[in-house]
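Source: prediction; values computed, not measured. Per chain, numbering begins at 1; letters A, B, ... match sequence-line order.
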Number of protein chains: 2
Amino acid sequence: MIARQGVRGLRVADLAAEAGVSTGLVYYHFKDRPGLLRQALAFIGDRADRYTLAADEQAPPGPAESAGPRQALERMLLLEFQDLPEVRENSTAWGELRAHSVFDPELREDLAAAGAAWTAEVADHLVALHPEAPAPAVTAAAERLTALLEGLSVRWLSGLIPLEHARELLRTAVGVETGRLGCPGEAN
Amino acid sequence: MIARQGVRGLRVADLAAEAGVSTGLVYYHFKDRPGLLRQALAFIGDRADRYTLAADEQAPPGPAESAGPRQALERMLLLEFQDLPEVRENSTAWGELRAHSVFDPELREDLAAAGAAWTAEVADHLVALHPEAPAPAVTAAAERLTALLEGLSVRWLSGLIPLEHARELLRTAVGVETGRLGCPGEAN
DNA sequence: GTCTATAAAGCGATAGAC
DNA sequence: GTCTATCGCTTTATAGAC
């Protein structure tokens with residue numbers, strides 16, 4: 001429901017109706033509105049982990065074709081840009097909770113933890129691709145890629161750019177960033 | 001007030017109180033809530049143009065020192081990452097209206113127009129830096145830089161990363177992107 | 001655990017006087 | 001142009017029965 005109407009548009013009564021229960025029961029289980037949002041964020045995180053793992057397992061179709069670390073990184077990032085209900089829901093709700101945290105500190109810690117884990121995963125892929133690159137440069141590249149992904153995500157979800165355009169820009173960004181890490185000439 | 005409490009937290013009564021007028025007068029001038037938001041977006045755009053122009057005028061301090069197009073681009077992008085009330089307000093409100101448009105199509109056209117103008121300005125700087133680069137590559141680079149800026153902006157404003165870190169990541173991104181455009185070997 | 005009923009407050013918008 | 005007063009609806013949260 002957060003993905004459909006946003007945090008601001010989430011009504012406890014609507015939620016209860018859709019769940020087929022009473023509002024009282026919702027408060028019984030989640031305590032209050034912030035508790036509801038906290039559980040929603042946890043749910044989103046679990047679900048993202050789930051489909052990330054699922055993609056990893058069924059990822060290498062050909063035995064050894066196109067199975068480079070660069071492709072693995074691209075594939076992982078592009079997971080967030082799919083027009084599947086589950087993915088779109090997750091991206092929308094995640095972005096909304098992030099945007100909401102600008103004005104409500106409530107969920108910041110949880111968001112920071114999830115974001116750090118996510119950045120670390122991207123950094124792992126970058127290290128696999130460029131083992132010789134200095135750690136700070138890798139971290140910075142991972143942060144730029146994830147921040148770019150979030151920026152593109154909002155544009156996609158608000159209809160400002162089409163899905164394929166977002167995917168294309170992200171793909172080229174991976175190329176730009178990984179090309180950069182491979183060039184030892186420039187600092188940082 | 002949007003920068004302080006978000007679109008979702010904006011109350012017409014509060015707005016009227018802060019303006020020292022009645023709620024009735026607010027409706028008289030802005031028609032309704034959406035009208036209020038539309039005017040706010042216009043105000044933000046005008047104000048951004050204002051301080052961008054002001055920065056351009058007082059930008060080159062030394063006669064010809066450090067006045068490269070690369071520095072001009074960096075300076076322009078970094079304008080959005082300053083801890084001045086006016087800038088922070090503008091960034092916060094802009095980000096909030098953008099995030100809000102994911103669920104409310106109302107302001108999408110205005111946002112798209114403003115975003116396109118903004119991307120074109122960045123592209124102009126890139127062309128000045130790399131006149132030989134193909135137009136699609138320049139446009140894509142400009143879109144990546146502005147999308148990254150928006151992603152970093154949310155992280156900064158929600159306290160996930162400090163201001164200086166956002167500035168540093170943006171600076172290096174400019175380096176990565178402009179370095180890329182200067183390399184004619186790779187397509188796109 | 002679950003429901004009904006309702007308190008209590010908030011909020012967008014309008015009417016009508018001046 | 002501006003204000004006061006208020007309608008009418010929505011929403012969070014709780015009380016208390018079952």
Side-chain angles (χ1 to χ4, degrees), chain A residues 1-47 89 92-111 157-158, chain B residues 1-47 89 92-111 157-158:
Chain A
M1 296 193 74
I2 292 173
R4 287 204 307 268
Q5 307 170 306
V7 169
R8 61 203 113 201
L10 176 67
R11 306 293 160 225
V12 179
D14 294 350
L15 174 72
E18 187 151 326
V21 299
S22 66
T23 66
L25 190 57
V26 173
Y27 282 98
Y28 175 82
H29 279 287
F30 298 98
K31 183 180 164 71
D32 54 12
R33 212 168 180 280
L36 212 49
L37 299 182
R38 209 181 300 275
Q39 278 302 109
L41 184 58
F43 174 81
I44 292 166
D46 291 347
R47 193 204 242 179
E89 262 184 28
T92 308
W94 175 264
E96 170 68 356
L97 288 167
R98 205 183 332 116
H100 189 246
S101 81
V102 172
F103 304 100
D104 180 6
E106 188 90 37
L107 298 176
R108 278 185 195 173
E109 282 185 30
D110 301 85
L111 284 166
L157 296 169
S158 61
Chain B
M1 297 192 73
I2 291 174
R4 287 205 306 269
Q5 307 171 306
V7 168
R8 61 203 113 201
L10 176 66
R11 307 291 161 226
V12 179
D14 294 350
L15 175 71
E18 187 151 327
V21 299
S22 66
T23 67
L25 190 57
V26 173
Y27 283 96
Y28 175 83
H29 280 287
F30 297 99
K31 180 179 168 67
D32 54 12
R33 213 168 178 279
L36 211 51
L37 298 182
R38 208 180 301 275
Q39 278 302 109
L41 183 58
F43 174 81
I44 291 166
D46 290 349
R47 193 203 243 180
E89 263 184 26
T92 307
W94 175 264
E96 170 69 355
L97 289 167
R98 205 182 334 114
H100 190 246
S101 81
V102 172
F103 304 100
D104 180 6
E106 188 91 38
L107 297 177
R108 279 184 196 175
E109 282 185 32
D110 300 86
L111 283 166
L157 296 169
S158 61

Legend entry - Sequence-distant partners of B:Glu89, side-chain contact (heavy atoms from CB on, under 4.5 Å), two or more places apart: B:Ala3, B:Arg47

Legend entry - Nearest heavy-atom neighbours spanning A:Ala13 and A:Thr23: CA-CG2, 3.8 Å

Inset, instruction - Check the pair A:His29, A:Leu25 against side-chain contact (heavy atoms from CB on, under 4.5 Å), reporting the backbone distance first and the verdict last. - result: CA-CA 6 Å; A:His29 279 287; A:Leu25 190 57; 3.7 Å; yes

Inset, instruction - Would you jot down, in residue-number order, the residues of residues 9-18 of chain B having a non-hydrogen atom under 4.0 Å from DNA chain D? - result: none

Legend entry - Of all pairs that satisfy salt bridge (charged side-chain N to carboxylate O under 4.0 Å, His left out), the ones with a partner from residues 21-38 of chain B, not counting sequence neighbours: B:Arg38-B:Glu106, B:Arg38-B:Asp110

Legend entry - Approximate separation, where rounding is to 0.5 Å, of B:Glu109 CD and B:Leu41 CG: 12.0 Å

Inset, instruction - Grab the CZ-P distance between B:Arg8 and C:dC11 for me, whole Å please. - result: 15 Å

Inset, instruction - Could you tell me from which nucleotide to which nucleotide of DNA chain D, 5' to 3', there is an atom under 4.0 Å from chain A heavy atoms? - result: D:dT11 to D:dT14

Inset, instruction - Taking all non-hydrogen atoms of both residues into account, name the closest pair between B:Gln5 and A:Phe103 and its distance. - result: C-CD2, 3.6 Å

Inset, instruction - Can you sort out which residues in residues 96-106 of chain A have a heavy atom within less than 4.0 Å of DNA chain C? Ascending by number, please. - result: none

Inset, instruction - Please examine the side chains of B:Phe30 and B:Leu37, heavy atoms only from C-beta on, and report whether any two atoms are closer than 4.5 Å. - result: no

Legend entry - Spacing of OG belonging to B:Ser158 relative to CG belonging to A:Leu97, to within rounding of 0.5 Å: 11.5 Å

Legend entry - Minimum heavy-atom distance between B:Arg108 and A:Leu157, given as atom pair plus value: NH2-O, 4.4 Å

Legend entry - Interatomic distance, B:Leu36 CG vs C:dC11 C1' [rounded to whole Å]: 14 Å

Inset, instruction - Scan residues 23-35 of chain B against DNA chain D and write down, sorted by residue number, each residue with any heavy atom closer than 4.0 Å; if none is found, say none. - result: B:Thr23, B:Leu25, B:Tyr28, B:His29

Inset, instruction - Using side-chain contact (heavy atoms from CB on, under 4.5 Å) as the criterion, list what pairs up with B:Tyr27, not counting sequence neighbours. - result: B:Val12

Inset, instruction - State which residues pass side-chain contact (heavy atoms from CB on, under 4.5 Å) with B:Glu18; sequence neighbours excluded, sorted by chain then number. - result: B:Met1, B:Arg4

Inset, instruction - Starting at CG of A:Leu10, measure out to CD of A:Glu96 and round the result to the nearest 0.5 Å. - result: 10.0 Å

Inset, instruction - Name all residues meeting the side-chain contact (heavy atoms from CB on, under 4.5 Å) criterion together with A:Ala17; count only those two or more places apart in sequence or in a different chain, and write none if there are none. - result: none

